[in-house]
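Everything on this sheet refers to the single structure shown next.
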Amino acid sequence: MEHLINGAKALLGLELTRDQIAAFQTYTDELRAWNARFNLTAITDDADIQVKHFLDSLSLLPLLRPGAPGRLIDVGAGAGFPGLPLKIMRPELAVTLVEATGKKAKFCEAVAARLGLTGVTVVNARAEDVGQDPAHRERYDWAVARAVAALPVLAEYLLPLVKIGGQAVAQKGANAPHEAQAAAAAVSLLGGGPAQLRPVALPGVAEARYVVVYPKLATTPRAYPRRVGVPAKSPLK
Ligand code: SAM
């Protein structure tokens, strides 16, 4: 776990505890075991898992108030990123993972159980349906996503889930400034405020990375998110 340990120190000024390191090791073991049967992730090298999955997920930590309980939803969590690493570091958070693919949702449930995490809910559904469900709509302090869709689409998945005063947060690559520009009108329609782009420099990763943060300023109109598939097919302009 040296890449994660050193990276957390360099990037976040964070000293991982023995228990946290053990949790990330168990997570790695599960990822490898499941990946041998299903294709969960293309990233299989040890150092890459530590940096590109775990450390990259933890780059959202500075946004989460330490020690304060809150509700976070990860949309399109895949094998649990960034939601589960964040839960390992901030057990006081209630974390919901939304994932459309059944086997990935099952993996997230299995890892959460294996790690003994309480306060993790896995929802095997589409973001468009979850965003119209009163149990989830405007109920979260943070709605986060990594590698799910371009920002104009992602805004329609994330902002309906965020309560006023909360934040929608997207982890993005070098194209983030351009995508943020393309999403500005959609974000405003959905109740979001101006984007804040925070650069993230992962050790040994050349590509520029950004965390894009939108404050939720106003209620999202009822019509959004639109039906399953519509946001991706006809992104808001
Ligand atoms: N966030 C994870 C990560 O960074 O490793 C997974 C990224 S993967 C490229 C995108 C995931 O989003 C897939 O597992 C896919 O099933 C899920 N997904 C895409 N659109 C979705 C939607 N509308 N609702 C729920 N899940 C969705």
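Atom set for the values below is all heavy atoms of this structure, side chains included, hydrogens, waters and symmetry mates excluded. Bear in mind the structure is a predicted one, so any value in this text is a computation, not a measurement. One-based numbering, in listed order, for ligands and for the atoms of each.
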| said: Need the ligand 1 atom indices (1-based, order shown) with element for anything under 4.0 Å from a heavy-atom of Thr101. | reply: 16 (O)

| note | The closest protein heavy-atom partner of atom 23 (N) of ligand 1 is Glu128 OE1, 3.0 Å

| said: I'd like to check which ligand 1 atoms, numbered from 1 as shown, lie under 4.0 Å from a non-hydrogen atom of Lys104. | reply: 13 (C), 14 (O)

| task | Looking only at protein heavy atoms, identify the closest one to atom 24 (N) of ligand 1 and say how far it is in Å. | result | Ala127 N, 2.8 Å

| Above 12 or not: heavy atoms from other molecules or residues under 6.0 Å from CD of Gln25? | yes

| said: Just so I know, are the side chains of Pro225 and Gln132 near enough to count as touching, which here means a heavy-atom distance under 4.5 Å? | reply: yes

| Closest candidate by heavy atom, reference atom 8 (S) of ligand 1, pool Ala147, Gly78, Pro82 | Ala147

| said: Below 4.0 Å, non-hydrogen atoms only: which portion of Ala77 touches ligand 1? Side chain, backbone, both or neither. | reply: backbone

| task | Just do the side-chain contact (heavy atoms from CB on, under 4.5 Å) check on Phe81 and Asp74 with the steps written out, would you? | result | CA-CA 8 Å; Phe81 307 115; Asp74 178 358; 5.5 Å; no

| request: Answer yes or no: is there an ion pair linking Lys163 with Glu138, defined by an N-O contact shorter than 4.0 Å? | output: no

| said: I want to confirm something. Looking only at heavy atoms, which of Val148, Asp56, Ile43 is nearest to atom 20 (N) of ligand 1? | reply: Val148

| task | Please state whether Ala125 comes within less than 4.0 angstrom of ligand 1, counting heavy atoms only. | result | yes

| field | Test item: Ser234 side-chain N/O and Pro231 main-chain N/O as donor-acceptor pair under 3.5 Å | value | no

| message | Can you report which non-hydrogen protein atom sits closest to atom 4 (O) of ligand 1, along with the distance? | response | Arg146 NE, 2.5 Å

| note | CG of Leu217 to CG of Leu159, rounded to nearest 0.5 Å, is 9.5 Å

| message | Polar contacts were defined as any N/O atom of the residue lying under 3.5 Å from an N/O atom of the ligand; does this apply to Arg126 and ligand 1? | response | yes

| said: Can you report which non-hydrogen protein atom sits closest to atom 12 (O) of ligand 1, along with the distance? | reply: Gly76 CA, 3.3 Å

| field | Atom indices of ligand 1 within 4.0 angstrom of Phe81 heavy atoms, with elements | value | 1 (N), 2 (C), 3 (C), 4 (O), 5 (O)

| said: Salt bridge or not between Asp46 and Arg32? Use side-chain N to carboxylate O under 4.0 Å. | reply: yes

| query | For ligand 1, is any non-hydrogen atom under 4.0 Å from Gln171's backbone (N, CA, C, O), its side chain (CB onward), both, or neither? | reply | neither

| field | Sub-4.0 Å heavy-atom approach of Ala79 to ligand 1 | value | no

| field | Closest protein heavy atom (residue, atom, distance) for atom 15 (C) of ligand 1 | value | Glu99 OE2, 3.5 Å

| query | Does a side-chain N-to-carboxylate-O contact under 4.0 Å join Arg227 and Glu128? | reply | no

| said: Between Thr96 and His136, do the side chains contain a donor N or O and an acceptor N or O under 3.5 Å apart? | reply: no

| said: Does atom CZ (Arg18) have a neighbourhood of more than 12 heavy atoms from anything else shown, all under 6.0 Å? | reply: no

| request: Considering heavy atoms of the protein only, find what lies nearest to atom 26 (N) of ligand 1 and give residue, atom and distance to 0.1 Å. | output: Ala100 N, 3.4 Å

